[in-house]
Amino acid sequence: MPSHVSADRPAAQPPGRGSVEALISQTRRLKGDVDAVRRDTRSSGSDSEERWQRALYDLALHQLNDLDEHLAQLRDGPATLPAGAETAPADGAAPAPGSLLSRVGSAEWNLLTDQASWSGELFQILGRDPAASALTLDELPALVLDEDRPRLTAMVTDCLVDAKPIDGEFRVLRPDGNVRTVHMMGEPVLDGDGGTASMWAVLRDVSELRLSQRTVRETRDTMQRHRRRAETEQRLAVEFQEAVLPPGHDALRLPGRGPGTLDVAARHLPAAAGTLLGGDWYDALELSDGDTLLSVGDLTGHGVAVASAMTMLLGAVRGMAMAGTRPGQLMSLLNQLLDATVQPALGSAVCCRYRPATRTLTWAQAGHPAPLLFRGGTGRALSAPDGVLLGVTSGAGYGQAEVTLEPGDLLLLHTDGVVPGHSGADSLDVLLGLAPRFGAARTAQDCVRAVVEEFGESGRADEACVLVARVSE
């Protein structure tokens, strides 16, 4: 069907073939680049941000494919139809289903003769038999979903009465039961007296495009909900931690003073930005019988649930220590507590009970690095009693060890991750290498600062805690 222009508008000149070829080449190169990036993008299907990225790539490729075919039409010009033909043939020369040409059709409605002329592509879009008559403007709404009919009626009325161009969408129900979204653009054709003689329109099936756009919106909204939930969980986890852990940027104030008492300092070392808070803790507490409790530990996992479990565990450690429970038995009871929780967890811990009058340290561990003892400019790890991870097995037994400290001795308790990029024996060797700096330090707080200066305070793959206790002389 030939294009229509109003009498006061000259026909646009087609672009030069060379310039269109250049645009086609650029478009196809861009398609190839986008498709390559899309293929390289991870998409396990479980991550909301990955699904959103994948949907955007799919939408971009969909639109680039359409742009490529539009430019090819500009280059090749309108298809030549037999003399007198009003529509494209309905034989094997019809556009391939799914191609851009099959999704774009045209129509003209003559208001003087009440006749309609449709292209073959429009019959295909609306699912109608090309041998049937084209629907008039009065008949067209019968194909449209009830809730979209007022929109189509308003667009057509504004075009015919007020000569406004048509640019809008509506959904049609095809005879095969498929619902398709159609975008319609059209204008009135005026006669010599300025009245509307007919109306022509281009209709495009945009169902796949709208589906892609909807997928992008839905995956984006899901990603934003997950992000807000993660931010809320992180905030709650931080509040849990700040509520129960002693302040770590200053020396921990313990009531006892004098020879044999402990000078204690600690620090929580956060993970890199964007990492959920884990279950690391430290604690120092003066007990009712004059002893001092020192403990550090770590629960596996991250987020609010782990922070909540850490809060429960730390409260249990304090309560049992205040009641006089010895470290080995305390670990056994903690293991039972974790085993009985609704959400089972695994954890490691070391618990020390120090008696200033005799400078005796009694301690137990559950799958945790042993305390490091620094004396006379050198350091070593204490020999660890038996003890498996908390929550691994019911009824596990935990050994207990005892060591007598000397004035000036320094104990370092820590969780995994204090030394970034190192673990196990490597981490131990690096920490023991701090002995000269600890020997020159005047306070426990100076020792903690030395650890932070040596290994950094943030940016770790996982959070960590360090606690230093120095025996007063």
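Throughout, residue positions are numbered sequentially from 1 according to the sequence presented.
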Open item on the list: Looking at Asp35 and Lys31, is there a salt bridge between them, counting it only when a charged N and a carboxylate O are closer than 4.0 Å?
Closed with: no

Task: CA sep, side-chain torsions, deciding dist, call: Asp205, Ser207, side chain to side chain donor-acceptor pair (under 3.5 Å) - done: CA-CA 6 Å; Asp205 185 345; Ser207 304; 2.7 Å; yes

- [ ] Please lay out, stage by stage, how Arg204 and Glu121 fare under the test salt bridge (charged side-chain N to carboxylate O under 4.0 Å, His left out).
- [x] CA-CA 9 Å; Arg204 181 184 176 199; Glu121 294 83 8; over 6 Å; no

TODO: Measure up the Trp109 and Trp118 rings against each other and bin them: parallel (under 30°), tilted (30 to 60°), perpendicular (over 60°).
DONE: perpendicular

Open item on the list: Checking the side chain of Ser119 only, and the main-chain atoms of Ser106 only, is there a donor and an acceptor separated by less than 3.5 Å?
Closed with: yes

TODO: Check the pair Ile24, Thr27 against side chain to side chain contact (heavy atoms under 4.5 Å, CB included), reporting the backbone distance first and the verdict last.
DONE: CA-CA 5 Å; Ile24 291 174; Thr27 302; 5.7 Å; no

TODO: Measure the CZ-CG distance between Arg28 and Leu67 for me, rounded to the nearest 0.5 Å.
DONE: 10.5 Å

- [ ] Check whether any side-chain N or O of Asn65 sits under 3.5 Å from a backbone N or O of Leu61 as a donor-acceptor pair, and report yes or no.
- [x] yes

TODO: Kindly indicate, with the supporting measurements, whether the criterion side chain to side chain donor-acceptor pair (under 3.5 Å) is fulfilled by Gln26 and Arg29.
DONE: CA-CA 5 Å; Gln26 293 174 16; Arg29 280 197 300 270; 5.6 Å; no

- [ ] Measure from the side-chain N and O atoms of Asn335 to the backbone N and O of Gly391, and report whether any donor-acceptor pair falls under 3.5 Å.
- [x] yes

TODO: Write down the atom of Leu334, the atom of Ala316, and the distance for their closest heavy-atom approach.
DONE: CD2-CB, 4.0 Å

Open item on the list: Main chain of Ala366, side chain of Tyr398: is a donor-acceptor contact present, judged purely on distance under 3.5 Å?
Closed with: no

Open item on the list: Please check this pair: side chain of His368 against backbone of His414, looking for a donor-acceptor N/O pair closer than 3.5 Å.
Closed with: yes

Open item on the list: Side chains of Val206 and Val182, heavy atoms from C-beta outward: is any pair under 4.5 Å?
Closed with: no

Open item on the list: Minimum heavy-atom separation for Leu111 and Thr196, please, with both atom names.
Closed with: CD1-CG2, 3.6 Å

- [ ] Using a 4.5 Å cut-off on heavy atoms from C-beta on, say whether the side chain of Arg217 contacts that of Arg220.
- [x] yes

Task: Minimum heavy-atom distance between Asp416 and Ala464, given as atom pair plus value - done: O-CB, 3.6 Å

Open item on the list: Quick one: does any side-chain atom of Arg174 pair with a main-chain N or O of Leu126 as donor and acceptor, under 3.5 Å?
Closed with: no

Task: Leu372 vs Leu431 side-chain heavy atoms within contact, under 4.5 Å - done: yes

- [ ] Would you name the heavy atoms of Val34 and Ala60 that are closest together and state the gap between them?
- [x] CG1-CB, 4.4 Å

TODO: Would you mind telling me which of Val296, Leu467, Leu314 makes a side chain to side chain contact (heavy atoms under 4.5 Å, CB included) with Trp281?
DONE: Leu314

Open item on the list: Working note: Glu169 + Thr181, criterion side chain to side chain donor-acceptor pair (under 3.5 Å); need CA distance, chi angles, decisive distance, verdict.
Closed with: CA-CA 7 Å; Glu169 293 182 6; Thr181 302; 5.7 Å; no

- [ ] Report the distance from atom CG of Leu434 to atom CG of Leu412, rounding to the nearest 0.5 Å.
- [x] 8.0 Å

Open item on the list: Under a 3.5 Å distance rule, please check whether Arg180 uses its side chain to pair with a backbone N or O of Val172 as donor and acceptor.
Closed with: no

Open item on the list: Main chain of Gly195, side chain of Asp191: is a donor-acceptor contact present, judged purely on distance under 3.5 Å?
Closed with: yes

TODO: Evaluate the criterion side chain to side chain contact (heavy atoms under 4.5 Å, CB included) for residue pair Arg225 and Asp221; output intermediate values, then yes/no.
DONE: CA-CA 6 Å; Arg225 285 196 300 271; Asp221 293 345; 3.8 Å; yes

Task: OG1-CG distance between Thr153 and Asp158, expressed to the nearest 0.5 angstrom - done: 10.5 Å

Open item on the list: If you define the side chain from C-beta out and look only at heavy atoms, does anything of Val448 sit under 4.5 Å from Val451?
Closed with: no

Task: Euclidean distance, Leu143 CG relative to Arg171 CZ, rounded to 0.5 Å - done: 14.5 Å

Task: Test side chain to side chain contact (heavy atoms under 4.5 Å, CB included) applied to Arg437 and Glu454, step by step - done: CA-CA 10 Å; Arg437 294 194 65 176; Glu454 190 74 22; 3.2 Å; yes

- [ ] Report yes if some heavy atom in the side chain of Val189 is under 4.5 Å from a heavy atom in the side chain of Asn110; otherwise report no.
- [x] no

Open item on the list: Tell me if a side-chain donor or acceptor on Thr325 pairs with a main-chain N or O of Ala321 at a distance below 3.5 Å.
Closed with: no

Open item on the list: When you compare the side chain of Gln63 with that of Gln213, does any pair of heavy atoms fall below 4.5 Å?
Closed with: yes

Open item on the list: Rounded at 0.5 Å granularity, tell me how far OH in Tyr282 sits from CZ in Arg267.
Closed with: 9.0 Å

Task: Shortest non-hydrogen contact between Gly397 and Ser332, atoms and distance - done: CA-OG, 4.4 Å

- [ ] First locate atom SG of Cys352, then atom CG of Asp283, and finally report the distance between them rounded to the nearest 0.5 Å.
- [x] 11.5 Å

Open item on the list: I need the minimum non-hydrogen distance between Ser348 and Gly367, along with the two atoms involved.
Closed with: CB-O, 3.4 Å

Open item on the list: Checking the side chain of Asp162 only, and the main-chain atoms of Lys164 only, is there a donor and an acceptor separated by less than 3.5 Å?
Closed with: no

- [ ] Report yes if the side chains of Pro371 and Val350 come closer than 4.5 Å at any heavy-atom pair, otherwise no.
- [x] yes

Open item on the list: Does any part of the side chain of Glu187, heavy atoms only, come nearer than 4.5 Å to the side chain of Cys159, both counted from C-beta?
Closed with: no

Task: Verdict with supporting geometry, Phe170 and Leu145, side chain to side chain contact (heavy atoms under 4.5 Å, CB included) - done: CA-CA 8 Å; Phe170 50 88; Leu145 295 187; over 6 Å; no

Open item on the list: When you compare the side chains of Asp298 and Thr415, does any donor N or O come within less than 3.5 Å of an acceptor on the partner?
Closed with: no

Open item on the list: Is a donor from one side chain sitting under 3.5 angstrom from an acceptor on the other, for Ser198 and Glu108?
Closed with: yes

Open item on the list: With no hydrogens and no angle check, just 3.5 Å: does a side-chain donor-acceptor pair link Ser394 and Asp339?
Closed with: yes

